[in-house]
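Have a look at the structure below before the remarks.
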Amino acid sequence: MEDKSGNIRLKRPSKAIAFEPSRETQLTAPSSDRQRWAAAGIFLLAFLLRIYGIWNADHSDEYNEVFEALRVCSGHLNLERWAKRFYLYVLSVEYGSFYLLGRLFHMFSSPMDFAANVVRDLSPLLLLGRTTSAFLGAASVFLTCRIATVLGWSGAGLLAALFFCLNTAHIEVAHFARVDATLGFLVLLSFSFIAAILRQGPSSRTRDYMLAGLFAGIAFQTKAPAIVLVIPLLFAHFTGKASLQFREILLDKKLLCCALFFILGLVIGNPAVLAAPRKFLLHLLGMGKVYVTPINETQSEHIGFVAYIIYFYREMGWALSLLAFYSLCRATLSRSKEEILLLSFMLPFYLIMGASRFLVSPSYMVPFMPFLYLLCARHLMVSIVAWPMYPAARRALALFLCTVLLLQPAHNVWRLELSFSGKNTRLLAKEWIEANIPSGSKILMDSGKSINSFAPAIAENRESLQRTLAEKERALRDGTLLDPTRIVDEHALIYYELLLRTVPELSYDITSTQFGLQVEPVDFYLRNGYEYFVISQEMKTSRSTEFVARRHPKAAAFYRSLDRDSRLQLIQVIRPTAKNRGDTFLIYKVTG
């Protein structure tokens, strides 16, 4: 049972059942040594699940992060890109260290030699970024347990950490050199100090305010939705206050200290804030456009509020989903300040992330899930302890319930880990193309605007690279290169120049579809001597929708015609399997 403060109060057993109360508490309060060993074991399991298969991982967002980090290493800061900067600085330190080690062991003779090597093979840089994500992902599991301990829920913390350890969305993003695992870590790190402020009340240390503000600022600079941390911070500070006069709030030294360290976190997350504060503020004011602007002309089938409920059910299974629903209802009606603290982050975060159809992905729920698992573990423990039974029976019941709850998550994890055991389809498609399509062939390929981040990683030949470089130079000179983030600018052109220096013998004349939006009718490609089309099934599907047809009718018409045009022969399909993750690639030969 719970008292009004939210603490667990054991129900007195009937006289027919006699046992020592001190043993009953062992279910929720294991010895410190056992708890430390259990936490260490869960951390190790979390790291192994997140590090396994990173050599087969691949995600289009990784390439932007890697190239932006290399830009930082070169000294050319991008003052127009305000999001995700802290992770870039972490990567830039790692890449700088990698270069210095390479110089020490004579792997590179100069910075340009290093650059020429990595533009052709990004594998070492991607593995460094992925390892960082895997470690911070495992550390997030540990922090989940730590937050529970701070809140006084030590036993529930181990179970919540185990739930989070087996969260497939978190395991997946921790395989990539992306910002999401770092964001989750920073959110939990800041919240651990917020929890300490709540528990200590008016006697809270100024140090906790400083660190809560600092990491909240860095988290916000990593991804904007982390601003929600301000709500639980204010709740923790004002809970238990006898009066809330405006003057006292304004002059509260601890809050002022917290605000100053939040600003310091913004600067650490992106020092460019000091160089262009006005641009930074304008960027913040314009962030609302993500709710009405499609990213790469795609939208979710459901609005986030619905899509995330579907995700929760698929992720957790029916048993854990029922426990989550029960726990949320109980927490909403609870007078426990600890549970209200969790909800003060969860509800605003869900409202912000669920209000869009253009930014919907399970990865966006990574910061949310530890809090949900904490509530699940808390109320499961409370329910079990409230039942009068022998300690051995109680432990057996707890083990049985945990097994049932973890069946679906464990199955999901097994399937995910198996998918990382083999080469991804992007690499399989590359190997097939190089083995079956003659070097120098003219290919239309679904790829990005500047770099090949999701298509088969075949090399462009000299003619193709020279054409691309000339187009970028002309667009920059004429001011027609519409890139609001300025990922491609005069400094970025060195990438194409380095590729020109290292063109391999097996290379192709490639034209990108520019995310499937810059295409012509099939007749155009026949007249201009194109021999092959390499098409992404995901791109084909998304560009054939009525939503795209209304905005880009030419693109929709092209992708819809691929299976109807008799002059195109589908010669190979590279599909994902249980052991090979990735997109399906369709390879057409032009026969007309």
Side-chain angles (χ1 to χ4, degrees), residues 59-61 83 163-164 167-173 176 178-180 183-184 187 223-228 287-329 332 343 345-373 375-376 408-409 411-413 415-416 419 454 515-517 536-552 555-556 559-560 576 581-584:
H59 195 281
S60 58
D61 285 353
F163 287 156
F164 192 35
N167 180 271
T168 54
H170 189 248
I171 293 173
E172 186 172 27
V173 299
F176 303 134
R178 289 175 52 185
V179 71
D180 302 273
L183 172 67
V187 167
K223 264 193 174 181
I227 192 63
V228 173
M287 287 176 59
K289 64 184 180 182
V290 300
Y291 290 98
V292 295
T293 304
I295 306 300
N296 293 328
E297 302 299 328
T298 58
Q299 65 174 350
S300 170
E301 181 180 357
H302 305 286
I303 194 169
F305 295 126
V306 176
Y308 290 132
I309 292 175
I310 297 172
Y311 155 68
F312 294 148
Y313 177 75
R314 291 175 177 173
E315 173 69 48
M316 298 188 294
W318 66 268
L320 192 50
S321 295
L322 283 176
L323 176 60
F325 178 74
Y326 168 77
S327 302
L328 285 170
C329 292
T332 303
L343 291 175
F345 176 86
M346 295 170 66
L347 296 181
F349 186 87
Y350 187 81
L351 289 174
I352 289 175
M353 301 310 301
S356 173
R357 291 192 66 173
F358 303 121
L359 281 175
V360 179
S361 168
S363 63
Y364 297 147
M365 283 292 108
V366 163
F368 179 93
M369 296 307 295
F371 299 94
L372 180 60
Y373 290 139
L375 286 179
C376 289
Q408 184 63 48
H411 175 70
N412 294 340
V413 169
R415 293 181 59 186
L416 177 66
S419 74
F454 63 89
F515 286 113
L517 299 175
S536 156
Q537 179 64 61
E538 183 178 335
M539 192 68 67
K540 179 185 175 186
T541 301
S542 68
R543 297 308 182 237
S544 299
T545 62
E546 289 300 325
F547 175 77
V548 172
R550 291 193 298 269
R551 301 168 65 92
H552 301 278
Y559 284 97
R560 290 172 176 177
R581 59 188 288 109
D583 191 9
T584 295

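Note that the structure is predicted; figures quoted are calculated from it, not measured. In this chain, residues are counted from 1 in sequence order.
- Within the structure, side-chain hydrogen bond (donor to acceptor under 3.5 Å, both in side chains) pairs that include any residue of residues 304-313 comprise N167-Y311 (at least two apart or interchain).
- Take T584 and apply the side chain to side chain contact (heavy atoms under 4.5 Å, CB included) test, not counting sequence neighbours, and it matches Q537, V573, R575, P576, L586.
- The shortest distance between side-chain heavy atoms of Y326 and L322 does not fall below 4.5 Å.
- C376 and A324 make their closest contact through SG-CA, 3.4 Å (heavy atoms, listed as atom of the first residue, atom of the second, distance).
- Between R543 and H552, every side-chain heavy-atom pair lies at or beyond the 4.5 Å cut-off.
- Annotation: the span from L320 atom CG to L372 atom CG amounts to 7.5 Å, rounded to 0.5 Å.
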Open item on the list: Evaluate L375 against L343 for side-chain contact (heavy atoms from CB on, under 4.5 Å), listing each step before the verdict.
Closed with: CA-CA 9 Å; L375 286 179; L343 291 175; 4.0 Å; yes
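- For F454, the ring pair (Phe, Tyr, Trp, His ring centres under 6.0 Å) partners two or more places apart in sequence, or in a different chain, are F515.
- Here the closest non-hydrogen pair linking Y559 and K540 is CD2-CA, 3.6 Å.
- F371 meets the ring pair (Phe, Tyr, Trp, His ring centres under 6.0 Å) test with F191, F345; sequence neighbours excluded.
- By the salt bridge (charged side-chain N to carboxylate O under 4.0 Å, His left out) test, D583 is found to be paired with no residue, residues two or more places apart in sequence or in another chain being considered.
- Taking F176 as the reference, H59 meet the ring pair (Phe, Tyr, Trp, His ring centres under 6.0 Å) condition, with sequence neighbours excluded.
- I303 is linked by a side chain to side chain contact (heavy atoms under 4.5 Å, CB included) to F305, V306, R357, counting only residues two or more places apart in sequence or in another chain.
- From S542, atom OG reaches atom CZ of F547 across 10.5 Å, with rounding to the nearest 0.5 Å.
- For R560, the side chain to side chain contact (heavy atoms under 4.5 Å, CB included) partners two or more places apart in sequence, or in a different chain, are S544, E546, A549, A556, R564.
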Task: Stepwise ring pair (Phe, Tyr, Trp, His ring centres under 6.0 Å) check, F312 with F368 - done: CA-CA 11 Å; F312 294 148; F368 179 93; 5.6 Å; yes
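- In this structure V413 satisfies the side chain to side chain contact (heavy atoms under 4.5 Å, CB included) test together with L49, L166, T168, I171, E417, sequence neighbours excluded.
- To the nearest 0.5 angstrom, I309 atom CD1 is 11.0 Å from H302 atom NE2.
- Evaluation of the salt bridge (charged side-chain N to carboxylate O under 4.0 Å, His left out) rule for R178 yields D61, D180 as partners, not counting sequence neighbours.
- A donor-acceptor distance shorter than 3.5 angstrom exists from the side chain of N412 to the backbone of R314, with no hydrogens or angles considered.
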Open item on the list: Does F164 form a side-chain contact (heavy atoms from CB on, under 4.5 Å) with M369? I'd like the steps, not just the answer.
Closed with: CA-CA 7 Å; F164 192 35; M369 296 307 295; 4.3 Å; yes
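- Between P362 and E315 the shortest side-chain heavy-atom distance does not fall below 4.5 Å.
- Remark: the backbone N or O of E538 is not paired with any side-chain donor or acceptor of T541 at under 3.5 angstrom.
- In this structure, K223 NZ and M353 CE are separated by 6.5 Å, a value rounded to the nearest 0.5 Å.
- With values rounded to the nearest 0.5 angstrom, M316 atom CE is found 12.0 Å from F325 atom CZ.
- Two residues are said to be in side-chain contact when any heavy atoms from C-beta on lie closer than 4.5 Å; V366 and L183 fail this criterion.
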